[in-house]
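The next block holds one structure in the form of structure tokens; read it before the comments.
Only heavy atoms go into these numbers, but all of them, side chains included; no hydrogens, no water, no symmetry mates. In what follows, every chain begins at residue 1, and chains take the letters A, B, ... in the order their sequences are listed. Remember, it's a predicted structure, so these values are computed and weren't measured experimentally.
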Amino acid sequence: MADMKLTKQSENYSEWYNQVILRSELADYAPVRGCMVVRPYGTALWENIQADLDARFKETGHVNAKFPLFIPMSFFEKEKEHVEGFSPELAVVTIGGGQELEEPLVVRPTSETVIGYMYAKWIESYRDLPVLINQWANVVRWEMRTRLFLRTMEFFWQEGHTAHATAEEAEEETLKILDVYTTFARDMAAVPVIPGLKSDSEKFAGAVRSYSIEAMMGDTKALQAGTSHNLGQNFAKAFEIDFVDENNTLQYCWTTSWGLSTRFIGAIIMTHGDDQGLVLPPRLAPTQVVIVPILRKEEDRAQVMEAVNRLFAELKAAGIRVKVDDRDNVSPGFKFNEWELRGVPLRFEIGPRDVESGTVMTARRDMPGKPGKKVMPQENVVQWTGDLLEEIQQAMYDKAVAFRDAHIFDPQDYAEFQQSVEDGWAFSWWCEDAACEEAIKQDTKATTRCIPLDQPQGEGVCIHCGRPARRKVYFARAY
RNA sequence: CGGGGCGUGGCUCAGCCCGGUUAGAGCGCGCGGUUCGGGAUCGCGAGGUCGGCGGUUCAAAUCCGCCCGCCCCGACCA
């Protein structure tokens with residue numbers, strides 16, 4: 001019985017995280033160390049994320065394509081910072097068909113290089129620009145320490161790769177996508193994020209500038225939930241992606257890349273989850289409403305199931321993702337706990353009492369226990385269910401914002417700063433010197449998360465060294 | 001790659017120190033009954049090369065050696 005209960009977040013957050021994922025059947029460990037199987041429930045969630053993001057990419061003019069899994073080793077050597085950044089984590093194929101290969105093939109850790117190679121072939125004139133391609137793919141990075149969803153050796157993501165005629169356009173694209181990610185996180189996942197610029201030490205290997213969206217998890221650690229890079233002309237020069245402009249002058253393209261991965265599922269889990277398990281935002285939840293019939297006597301069955309099936313059909317016809325749990329080998333109480341563990345936003349209980357009174361007992365996942373329970377009429381079920389789901393979506397976002405804001409501090413001196421990054425995040429002036437950043441990391445384990453696009457007025461002094469500082473930055477311990 | 005821990009039915013573990021009949025428990029699983037508004041209950045049942053290889057011994061889950069794998073903590077990371 002004791003092992004029916006989940007480890008509490010306050011007891012051991014990372015144990016809670018692992019248990020929630022395994023028990024809710026989002027994912028499981030694969031036979032290969034560091035790899036995971038995304039189970040049907042997790043895949044359904046990812047597909048909802050995909051569908052929404054994909055629509056947003058298309059709205060902003062992007063198209064999808066598929067590039068190969070294998071990349072010639074030599075491609076990685078063309079861009080100096082890129083190879084330095086990635087070589088420690090490459091998986092390399094050296095044998096094919098029983099023969100040693102002439103040139104080893106890298107299993108893609110990201111696709112800038114192959115895509116750059118292809119862009120060089122495809123782009124000739126300014127009339128070919130911009131090229132705005134996205135791909136949904138899996139990538140492999142050899143990792144020391146892995147965590148389900150947060151850091152696995154193989155992960156699933158989308159990677160966008162664009163090429164432009166001017167530096168301004170490339171920067172505009174980079175920021176446009178950062179905004180797509182920010183909006184998606186806020187409106188669909190109810191995950192508040194801070195969009196901002198990465199420090200030099202945190203930026204993508206080969207980028208001129210990297211931007212990210214940063215989210216606060218339930219243990220106050222930061223999670224980089226999506227990234228967008230302005231690659232300048234670095235890859236264009238390495239792969240000779242060039243074009244002739246209106247004046248017939250040969251120019252290098254300006255490229256960008258951006259990605260959001262299955263790690264985002266980790267963000268959803270740790271932003272909203274509670275001691276009961278997952279809490280999924282209605283807009284992304286694979287199942288939005290679960291109906292549990294309560295059958296006390298065999299004579300009740302027909303009437304109860306009639307009401308259950310009728311409401312199910314109405315909701316389904318209205319496009320609400322609804323499921324009836326009619327298993328007869330587990331008790332209603334067991335089902336309540338199980339669907340709570342799995343984060344379904346709304347639960348309906350329908351029993352003989354409801355049949356008699358024409359009602360439905362509803363329970364909100366985001367408000368555990370009595371406060372979240374309410375008796376509703378069977379009439380207008382589509383209307384009020386839709387309203388309730390939206391209310392839950394909004395309440396989840398508000399709660400996450402309140403939690404985050406309560407854990408962001410503005411320390412006045414370095415002693416306070418050290419306490420701040422123990423209790424949450426510090427939002428502080430920083431001199432932007434890498435040495436200072438490193439010293440802070442050594443002292444506190446906190447790193448710069450991002451320099452937010454929204455900056456306060458004025459100037460200050462660096463929280464660590466006291467030198468003049470132009471911008472404020474978020475410092476936090478991060479996943 | 002350094003430090004620590006662990007490998008026994010699907011899962012969590014007991015048994016090992018001190019070798020000795022058919023290797024146990026709880027949970028889960030299957031069948032049947034009574035149940036069902038917050039993790040029901042009773043009965044019957046299926047399921048194990050004790051991580052692998054070698055050694056010691058009349059006898060090894062238990063003692064010894066080697067190997068493999070996993071987990072946790074540190075240096076790198078979407």
Worksheet item: Across all strands, who's sitting opposite B:C50 as a Watson-Crick or G-U wobble pair, both distances under 3.5 Å?
Response: none
Practice prompt. Mind calculating the distance between CD (A:Glu299) and C1' (B:U35) to the nearest angstrom?
Written response: 13 Å
Discussion item. Is a donor from one side chain sitting under 3.5 angstrom from an acceptor on the other, for A:Arg108 and A:Thr110?
Written reply: no
Nucleotides 68-75 of chain B: which of its N/O atoms have a protein N/O under 3.5 Å away?
residue: B:C73; atom: OP2; partner: A:Arg145; partner atom: NH2; Å: 2.0
residue: B:G74; atom: OP2; partner: A:Arg145; partner atom: NH1; Å: 3.2

Worksheet entry | Spacing of A:Tyr41 atom OH and A:Arg342 atom CZ [to the nearest 0.5 Å] | 5.5 Å
Worksheet item: Which of the following nucleotides, B:G37, B:A78, B:G39, is nearest to the side chain of A:Glu338?
Response: B:G39
Worksheet item: Of all residues at least two apart in sequence or in a different chain, which pass the salt bridge (Lys or Arg N to Asp or Glu O under 4.0 Å) check with A:Glu349?
Response: A:Arg347, A:Lys373
Item to complete: Identify the two heavy atoms, one from A:Phe264 and one from A:Ala189, that lie closest to each other, and give their separation to 0.1 Å.
Response: CE2-CB, 3.5 Å
Worksheet item: When you measure from every atom of RNA chain B, which of residues 286-298 of chain A have a heavy atom less than 4.0 Å away?
Response: A:Ile294, A:Leu295, A:Arg296
Fill in: Mate of B:C63 where both pairing distances stay under 3.5 Å, Watson-Crick or G-U
B:G55
Worksheet entry | Phosphate OP1/OP2 of B:C36 contacted by A:Ser331 side-chain N/O (<4.0 Å) | no
Worksheet item: Which value, in whole Å, describes the distance between the C1' atoms of nucleotides B:U49 and B:G9?
Response: 13 Å
Worksheet item: What does A:Thr227 touch in the nucleic acid at a heavy-atom separation under 4.0 angstrom: a base, only the sugar-phosphate, or nothing?
Response: sugar-phosphate
Worksheet item: B:G2 pairs with which nucleotide, Watson-Crick or G-U wobble, both distances below 3.5 Å?
Response: B:C73
Discussion item. Can you pull out the residues from residues 346-355 of chain A that lie within a 4.0 Å heavy-atom distance of RNA chain B?
Written reply: A:Arg347, A:Glu349, A:Gly351, A:Pro352, A:Arg353, A:Asp354
Worksheet item: Could you state the CG-P distance from A:Leu90 to B:A78, rounded to the nearest angstrom?
Response: 14 Å
Discussion item. What's the gap between B:A14 and B:G55 when it is taken at their C1' atoms, as a whole Å value?
Written reply: 28 Å
Item to complete: Mind checking A:Lys373 for me? I need base, sugar-phosphate or nothing, with any heavy atom below 4.0 Å counting as a touch.
Response: base
Item to complete: Measure from NE2 on A:His161 to C1' on B:A78 and round the result to the nearest Å.
Response: 12 Å
Fill in: A:Phe417 and A:Phe475 aromatic centres sub-6.0 Å
yes
Output a table of donor-acceptor pairs, distance under 3.5 Å, between side-chain atoms of residues 302-315 of chain A and any protein atom two or more places apart or on a different chain; print 'none' if there are none.
residue: A:Glu306; atom: OE2; partner: A:Arg310; partner atom: NE; Å: 3.0
residue: A:Asn309; atom: ND2; partner: A:Met305; partner atom: O; Å: 3.1
residue: A:Arg310; atom: NH2; partner: A:Gln378; partner atom: OE1; Å: 3.0

Item to complete: State which residues pass salt bridge (Lys or Arg N to Asp or Glu O under 4.0 Å) with A:Glu298; sequence neighbours excluded, sorted by chain then number.
Response: A:Arg301
Discussion item. In whole Å, measure the gap between the P atoms of B:C66 and B:U21 for me.
Written reply: 29 Å
Discussion item. Taking only the C1' atom of each, what is the distance from B:G54 to B:C13 in whole angstrom?
Written reply: 29 Å
Worksheet item: Roughly how many Å is it from CZ in A:Phe336 to C1' in B:G39, rounded to a whole number?
Response: 11 Å
Item to complete: Looking at every strand, decide which applies to A:Thr447 at a 4.0 Å heavy-atom threshold: base, sugar-phosphate, or nothing.
Response: nothing
Worksheet item: Are the ring centres of A:Phe149 and A:Phe156 closer than 6.0 Å?
Response: no
Worksheet item: Contact class for A:Leu260 (heavy atom, under 4.0 Å): base, sugar-phosphate, or nothing?
Response: nothing
Item to complete: Provide the distance between the two C1' atoms, one in B:G24 and one in B:U62, to the nearest whole Å.
Response: 15 Å
Worksheet, complete the sentence: When rounded to whole Å, the CD to C1' distance for the pair A:Glu340 and B:G38 reads 8 Å
Item to complete: Report yes or no: do A:Gln224 and A:Ser212 form a side-chain donor-acceptor pair below 3.5 Å?
Response: no
Worksheet item: In terms of side-chain heavy atoms, does A:Glu15 have a donor or acceptor partner in A:Thr7 at a distance below 3.5 Å?
Response: no
Practice prompt. Write down the distance separating the P atoms in B:U56 and B:C72, rounded off to the nearest Å.
Written response: 39 Å
Practice prompt. Pick the P atom in B:A78 and in B:C6, then give their distance to the nearest Å.
Written response: 35 Å
Worksheet entry | Gap between atoms CG and C1', on A:Leu22 and B:G28 respectively (whole Å) | 16 Å
Fill in: Between B:U22 and B:A60 - P atom distance, rounded Å
12 Å
Fill in: A:Glu438 and A:Ser201: CA distance, side-chain angles, deciding distance, side chain to side chain donor-acceptor pair (under 3.5 Å) verdict
CA-CA 9 Å; A:Glu438 182 58 27; A:Ser201 69; over 6 Å; no
Fill in: Length of the CZ-C1' vector between A:Arg327 and B:U35, whole Å
16 Å
Discussion item. Can you confirm whether the side chains of A:Ser257 and A:His161 place a donor and an acceptor under 3.5 Å from each other?
Written reply: no
Discussion item. If only side-chain N and O atoms count, and only distance matters, is there a donor-acceptor pair under 3.5 Å linking A:Glu112 with A:Tyr119?
Written reply: no
Worksheet entry | Residue met sooner reading RNA chain B from 5', once A:Tyr479 and A:Gln276 are mapped to nucleotides | A:Gln276
Fill in: G-U wobble or Watson-Crick pairing nucleotide for B:G37 (cut-off 3.5 Å, both distances)
none
Worksheet item: Are A:Phe334 and B:A40 stacked, counting the six-membered base ring, centres under 5.5 Å, planes under 30°?
Response: no
Practice prompt. Describe the nucleic acid contact of A:Pro332 in one word from base, sugar-phosphate, nothing, applying a heavy-atom distance below 4.0 Å.
Written response: base
Worksheet item: Heavy atoms, side chains only, cut-off 4.5 Å: are A:Leu278 and A:Leu26 in contact?
Response: yes
Fill in: Pair partner, B:G26 [Watson-Crick or wobble, under 3.5 Å]
B:C11
Worksheet item: For A:Arg108 and B:A78, what is the distance between atoms CZ and P respectively, to the nearest whole Å?
Response: 18 Å
